[in-house]
Novice: 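After the structure tokens below, expect a handful of questions from me.
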2 protein chains.
Amino acid sequence: MENQQIKQAGLKVTAPRVKILGILEHSGKRHLSAEDVYKELLSQDEEIGLATVYRVLTQFEGAGLVCRRHFEGGQSVFELNSGSHHDHLVCIKCGKIVEFVDSLIEDRQIAIAAEHGFRIEDHSLVVYGLCAGCQNAR
Amino acid sequence: MENQQIKQAGLKVTAPRVKILGILEHSGKRHLSAEDVYKELLSQDEEIGLATVYRVLTQFEGAGLVCRRHFEGGQSVFELNSGSHHDHLVCIKCGKIVEFVDSLIEDRQIAIAAEHGFRIEDHSLVVYGLCAGCQNAR
DNA sequence: GGGGAAACTGAAAATCTTTCGCATCTTGCT
DNA sequence: AGCAAGATGCGAAAGATTTTCAGTTTCCCC
């Protein structure tokens with residue numbers, strides 16, 4: 001259960017952390033902004049401040065439990081770290097997010113970085129477009 | 001000259017716009033934050049407010065003259081739209097930015113988007129790492 | 001070449017997201 | 001239970017960007 005993951009991350013098991021991890025695991029969406037998490041907590045009548053949400057999410061990120069993504073639009077979104085890296089397809093109209101992995105692209109990135117003398121630490125590929133539903137909707 | 005580009009964008013030709021476009025074209029760097037542009041204006045003794053810099057850059061973006069990029073680190077950077085799309089390699093230590101284009105990756109993106117029913121509008125691929133210089137520096 | 005409406009601008013105030021400061025609680029260990 | 005380290009909540013602060021508003025400028029037409 002959640003407590004183990006938190007403990008293994010070297011963090012104390014506290015109510016806010018357990019709640020937040022629970023929300024990340026059981027909310028319908030895989031990608032939540034800090035604000036989303038906060039609203040969800042409020043709707044559950046939890047007395048947890050927004051500052052704590054940010055702090056906890058940042059700690060979880062440091063511990064490798066979640067990943068922080070900076071899509072367009074100002075705020076960051078967090079998602080549970082599912083182990084494998086993946087990229088995103090984001091619908092600019094409805095916000096729908098599809099994850100994908102493509103080893104061909106990954107390989108090319110490595111090759112390109114090498115050509116320029118870079119050692120890759122991380123990367124972010126986001127494709128913005130209209131999903132099938134939104135293309136028809138207009 | 002700059003005036004034509006501004007006029008063609010449907011914007012009035014004003015001193016701030018001409019100056020800012022000039023800076024984007026003639027400053028050494030291709031990637032400038034609003035703050036960078038503002039500082040450059042100050043160093044030229046121009047009486048142009050930061051708000052105007054943001055307004056102008058946003059208008060230029062809407063007109064397709066420049067592209068706005070959201071790299072990690074809070075602030076956006078703007079670059080002249082050179083016509084062709086390209087991706088970026090960013091050094092997380094010194095901030096060095098290298099542009100690249102890879103048709104293999106572009107093609108895969110299109111194929112992947114199609115598989116998911118998306119129509120691509122835009123995309124952003126940023127690879128973060130350490131450039132050759134920074135790898136040695138430690 | 002002047003008049004005026006629409007567009008533009010600077011400065012300050014307002015927003016928005018995220019982080020910090022600090023006094024007060026909790027957790028984990030003894 | 002008892003304590004020190006670590007957490008939390010709240011309000012304030014910070015940083016980036018946007019808006020407001022009143023005064024200015026540009027552009028088009030006569």
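Below, chains carry the letters A, B, ... as their sequence lines are ordered, and counting in each starts from 1.
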Novice: Which of these, B:Arg30, B:Arg69, B:Lys29, sits in a salt bridge (charged side-chain N to carboxylate O under 4.0 Å, His left out) with B:Glu99?
Specialist: B:Arg30

Novice: So what does B:Glu47 touch, heavy atoms closer than 4.0 Å: a base, only the sugar-phosphate, or nothing?
Specialist: sugar-phosphate

Novice: Ignoring hydrogens and angles, state whether a donor on the side chain of A:His88 or A:Glu79 is under 3.5 Å from an acceptor on the partner side chain.
Specialist: yes

Novice: Within this structure, what is the CG-to-C1' distance between B:Leu32 and D:dT17, rounded to whole angstrom?
Specialist: 17 Å

Novice: Below 3.5 Å is the cut-off: list the nitrogen or oxygen pairs between protein and nucleotides 24-30 of chain D, distance only.
Specialist:
from	atom 1	to	atom 2	distance (Å)
D:dT26	O2	B:Lys12	NZ	3.1
D:dC27	OP1	B:Val13	N	3.0

Novice: Which heavy atom of A:Gln135 sits nearest to which heavy atom of B:Arg119, and what is that distance?
Specialist: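 Looking at all heavy atoms of both residues, the shortest contact is NE2-N, 3.1 Å.
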
Novice: Considering all heavy atoms of both residues, which atom of B:Tyr38 and which atom of B:Gly49 are nearest to each other, and what is their separation?
Specialist: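 Reported closest heavy-atom pair: CE1-C, 3.8 Å.
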
Novice: For B:Glu106 and B:His86, test the side chains for any donor-to-acceptor distance below 3.5 angstrom and give the result as yes or no.
Specialist: no

Novice: Can you see whether A:Glu40 engages A:Gln44 through a side-chain donor-acceptor pair at a distance of less than 3.5 angstrom?
Specialist: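 The answer is yes; a qualifying pair exists.
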
Novice: Does a donor on one side chain and an acceptor on the other come within less than 3.5 Å for B:Arg55 and B:Thr52?
Specialist: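 Side-chain D/A pair, B:Arg55 to B:Thr52: present.
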
Novice: Rounded to whole angstroms, how far apart are CD on B:Glu35 and C1' on D:dA14?
Specialist: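 Atom-to-atom, B:Glu35 to D:dA14, this comes out as 13 Å.
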
Novice: Mind calculating the distance between NZ (B:Lys39) and C1' (D:dA16) to the nearest angstrom?
Specialist: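 From B:Lys39 NZ to D:dA16 C1': 13 Å.
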
Novice: Could you check whether A:Gln75 and A:His70, counting side-chain N and O atoms only, form a donor-acceptor pair closer than 3.5 Å?
Specialist: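 Result is no, nothing qualifies.
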
Novice: Between B:Glu46 (CD) and C:dA11 (C1'), how many Å, whole number?
Specialist: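 Value for this atom pair: 17 Å.
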
Novice: Please give me every residue in residues 48-78 of chain B whose heavy atoms get under 4.0 Å of an atom in DNA chain C, ordered by residue number.
Specialist: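 Close to the strand are B:Ile48, B:Gly49, B:Ala51, B:Thr52, B:Arg55.
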
